[in-house]
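Worksheet for the structure shown next.
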Amino acid sequence: MVNRQLINPESIVVVGASNNIRKPGGKLFHNILHGSFGGELYAVNPGEDTIQGRPSFREIKDLPATELAILAIPAVFCAGAVKELARDKGTRAFIIVSAGFGEESSEGKKIESELVEICNRYNASLIGPNCIGVMTPFYQGVFTLPIPKLDPKGCDFISGSGATAVFIMEAGLQKGLKFNMIFSVGNSAQLGVEDVLQYLDETFTEESSRVKILYFESIKDPDRLLRHATNLIRKGCRIAAIKAGTSDAGSRAATSHTGAMASSDLAVDALFRKAGIIRCYGREELTTVASVLSYPKAKGRNFAIITHAGGPAVMLTDTLAEGNLHVPQIKGKKAAELLSHLFPGSSVSNPIDLLATGNAEQLGIAMEYCEKYFGEIDGIIVIFGTPGLFPVYDVYDVLDRKMKQCKKPVFPILPSVTTAAGEIKEFQSKGHINFPDEVLFGRALNKVYNTPKPAGDKVYLDGINLKKVRAVIDSAPDGYLDVESVCAILDAAGISRVREEVATDPDALKKIAAKFGYPVVLKVVGPVHKSDVGGVLVNIRDEETLMTGFQQMKGIEGYQGVLIQQMLEGTELFIGANYEPGFGHVVLCGLGGIYVEALKDVTSGLAPLSVTEAGKMIRSLKSARILDGTRGKEGVNKDLFAEALVRISSLLRYATEIVEMDLNPLIGRPEAVTVVDARIRVEKKKKKAL
Ligand code: ADP
Ligand code: MG
C-alpha cells in the first residue's frame, strides 16, 4: 500500500549517498537537496563524514528515526539495510533504485522476495527495486534528469520502466506538458502501477490532478486496474496508457527487462476499452494525448482551423475526418464580416486561411469570431509558424491573450520549432502547450474523442439459468463437452440453436429428416474438426443422399454417431471466447467462415459485456456492412447478434472453467441468429491467475 511516508515524508535518508554527483547516490542526494523538500535530509556513506556539504552518517545505526529511505547500494546489502531501518529507525517507506534483482538472476529474485517480506511485516511501502525513483510535490527522489517543475494541475505519471519514464517526460516537456507526481515502479516487487493507481483513486479529491498517464510492461492485476481506472474516470479523470510488448518479440524484450510475464494483448485491448483508458503505442502519442487531456473537453465535435498555411490545415482536416471530428463550413453575415478584416485572397469558410502574409491582429480577430459569433464551433485550432522573414513574438502574444479569454478550447500548432524556437519558448513559459505536428495532434484528438466511457460491470442475466449452467459444468470432465452438454448450456443461456438430433441407425435418421423437412445437414459426432475429416454434408435434399452420407460418416475415424440438422440460409457469424488468467474471458466476434480465418476481422471485449459494448464490437468490424445485407442477400439482425454476445459473456462470468468457446458459425438472418456449430472446452484445474 502507498502510505503518507512515501508521498510526503518528514525525513529522508539516502543510503549510498555520494559526493560524486555522477553516481546515482550522489545525484539523488543532490536532486533532493536542491528540490522542494522541506524536511530533514540525511545521508549514509561508510567512508564520508560530509556529503555535499551536509553531515553524513557512517552507519545506519547512527541515524535518527527516518520516515523514507532511498537506497542506492548494491543489491546484496539491501535486505540488511531495509530490515535495520524498518526495525530500529521506524522507516515506513522505501525506494530502491539499485538493480541486480529479479530482472537479473534467481538470487536477485530471492533478495527481492525478502525485501517484500520485510516491508509487509512492518507495513512499509516499497517502490522498486530497479527504478529511477519517485517525484511528488514534496520531494524529488530520483537520480535522473529531467526534473520537471511539478504542478498540481499537471498529470500523474506511473511507469513500469525507469528509462522509458525519463524519455516520456522528455517528450512531454518539449510540448509543455505539466507533471504533478511521477512514480517509476521498476520491478514492482511490492507496489506496481496498479497499486499506485489505487492510491490515486482512494485519495482523490476535488483538488487532485485529472490526468493520469501509465506505462506498463506487464499488467499484474488486471481486475484492480479495471476497477480503479473506471473509478477515477467516473470521478472526472482521464487516463492514457501504453502497454508495451504487444508482439511476441516485444513480449520477450519486456520479459527480460523487468523479469515479469507479458499478458495477452487482445485482453489488454479489451480491458482498456472497458475501463475507458485511451490506449497509446509510443511516447509522442502518449504525451500528445496527455496534452490534449489537459484541456477541458470541447462541447461537441466541430472545430475551426485558423491557419496561415494551406498544407497543414488540409492534412489536419483529413486526419480529423478519420476520427469523425468535423471542420464544418462557416457561412453567413459574420463570416463575410470576418473576411473583410483579412487580406484579399484569404478564406473564412473553414479552414480559415489568413495566407502567409496574415498577421497577429488578423489572428486575434479570427479567434474572436470563432469564440463569439460562430456558434457551431466547439473548439479552435491555430496553426501558425513562420518562414523566418520576421519574428512572431507579437503573434504568439495575441495567441496567449486570446487563449486566456476564450471559453472554447484553443489548441496551438506552432510548427517552426527551430526558426521560432525563442518565440515558442516564451509562449510555453506562459504555461501553454505546443503541438508541433498537426497530424499527431489530430490523431490524439481522435483518440480522446473516440475512446468510450467506462462500461460498468453489471451482468445481464435476463432469462439465463445459471443453476443449469453450473450443473452441466460441475458434472463435466475436462476437455471438450459432448453435444448434449453444449446444447444444455446454450439452452440455459437462452441462445437460439438450430433444430438438431443425434442418431445412430438409418431408420431413426430417415424419420428425423422427414420431421425436419429437406434440405438437411449431416455431421459426424466424435471428431472435433468435422469438415477437415469430411464430416459435414450440407444441403442434403433426399433420403438417398442422406443414406449415402450416413455410410460415409460411419467410415470416419472416431465416429460415434451422426447429428442431423435443419439447413439454414443466412450470413455466417462467429462468437468466440478465451479465458485469460487474471483478466477473465475475452469474448470475440466477427463474421464466420473465411472472414475469421483469412481476414482475422474480429473485435474483442472483456466479459461481462453490456448491450452497448456488444453493439460497438459488432459495429467496429471491418466487415460490419456485410451484416446489413448485400446484393439481394438479406441482412443480419444486429440486435440479436449483440444479445447473443451479451448472453455468452454473462454465462462465462459464472463458468470460469470454460477456457475456450467457439460458436462458428451462427447463421444470421433478419429474424434470428442461430448457432449451428459449437465447441466448448472445460479445464477445471486451471493454472492460478498470473
Ligand atoms: P466444423 O466447424 O467442425 O468443420 P461446422 O458444423 O461448422 O463444422 O460446419 C461447417 C460449415 O458447414 C459451416 O461453416 C457452414 O458453412 C455449414 N453448415 C453447417 N451446419 C449448417 C446448417 N445447419 N445450415 C447451414 N449451413 C451449415
Ligand atoms: Mg464450425
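In this chain, residues are counted from 1 in sequence order. Atoms within a ligand are numbered from 1 in the order they appear, just like the ligands themselves. Just so it is clear, the structure is predicted and the values come from calculations on it, not from any experiment. In what follows, every heavy atom counts, from backbone to side chain, and hydrogens, waters and symmetry copies are set aside.
- Among the backbone and side-chain atoms of S531, no N/O/S atom is found under 2.8 Å from the Mg ion (ligand 2).
- Ligand 1 places these atoms under 4.0 Å from at least one heavy atom of P665: 7 (O), 13 (C), 14 (O), 15 (C).
- Only the side chain of Q565 comes within 4.0 Å of ligand 1, judged by heavy-atom distances.
- Counted within 6.0 Å of CD on E569, heavy atoms from surrounding residues, nucleotides or ligands total 12 or fewer; the atom is thus considered open.
- Here E683 pairs with R681 in a salt bridge; the nearest charged N to carboxylate O distance falls below 4.0 Å.
- Residue V536 has at least one heavy-atom neighbour below 4.0 Å for each of these atoms of ligand 1: 8 (O), 9 (O), 12 (O).
- Electrostatic pairing of E501 and K515 counts as a salt bridge here, judged by a charged N lying under 4.0 Å from a carboxylate O.
- One finds no salt bridge joining E500 and K523 here, because no Lys/Arg side-chain nitrogen approaches an Asp/Glu carboxylate oxygen to under 4.0 Å.
- Between R301 and D378, none of the side-chain N atoms (NZ, or NE/NH1/NH2) sits under 4.0 Å from a carboxylate O, so this pair counts as no salt bridge.
- Counting only non-hydrogen atoms, the option in E572, M567, R497, K523 that gets closest to atom 16 (O) of ligand 1 is E572.
- Counting heavy atoms closer than 4.0 Å to ligand 1, residue N664 contributes backbone atoms (N, CA, C, O) but none from C-beta onward.
- Residue R679 touches ligand 1 through its side chain alone, judged by heavy-atom distances below 4.0 Å.
- The nearest heavy-atom contact from the protein to atom 18 (N) of ligand 1 is V538 CG1, 3.8 Å.
- Scanning the protein for heavy atoms near atom 5 (P) of ligand 1, the closest one is D677 OD2, 3.4 Å.
- Protein heavy atom at the shortest distance from atom 10 (C) of ligand 1 is S531 OG, 3.4 Å.
- Between L568 and ligand 1, at least one N/O pair is under 3.5 Å apart.
- Counting just the N/O/S atoms of D677, the one with the shortest distance to the Mg ion (ligand 2) is named OD2.
- Among all heavy-atom pairs drawn from Y579 and I658, the shortest one is CB-O, 3.8 Å.
- Using a 4.5 Å cut-off on side-chain heavy atoms (C-beta onward), L226 and K274 make contact.
- With respect to atom 22 (C) of ligand 1, the closest heavy atom belonging to the protein is V521 CG2, 3.6 Å.
- The existence of a salt bridge linking K212 and D156 is confirmed by a sub-4.0 Å separation between a basic side-chain nitrogen and an acidic carboxylate oxygen.
- Both tests pass for R279 against the ring of F272: distance under 6.0 Å to the centre and angle within 45° of the axis.
- Contact analysis puts Q566 in contact with ligand 1, with a non-hydrogen atom separation below 4.0 angstrom.
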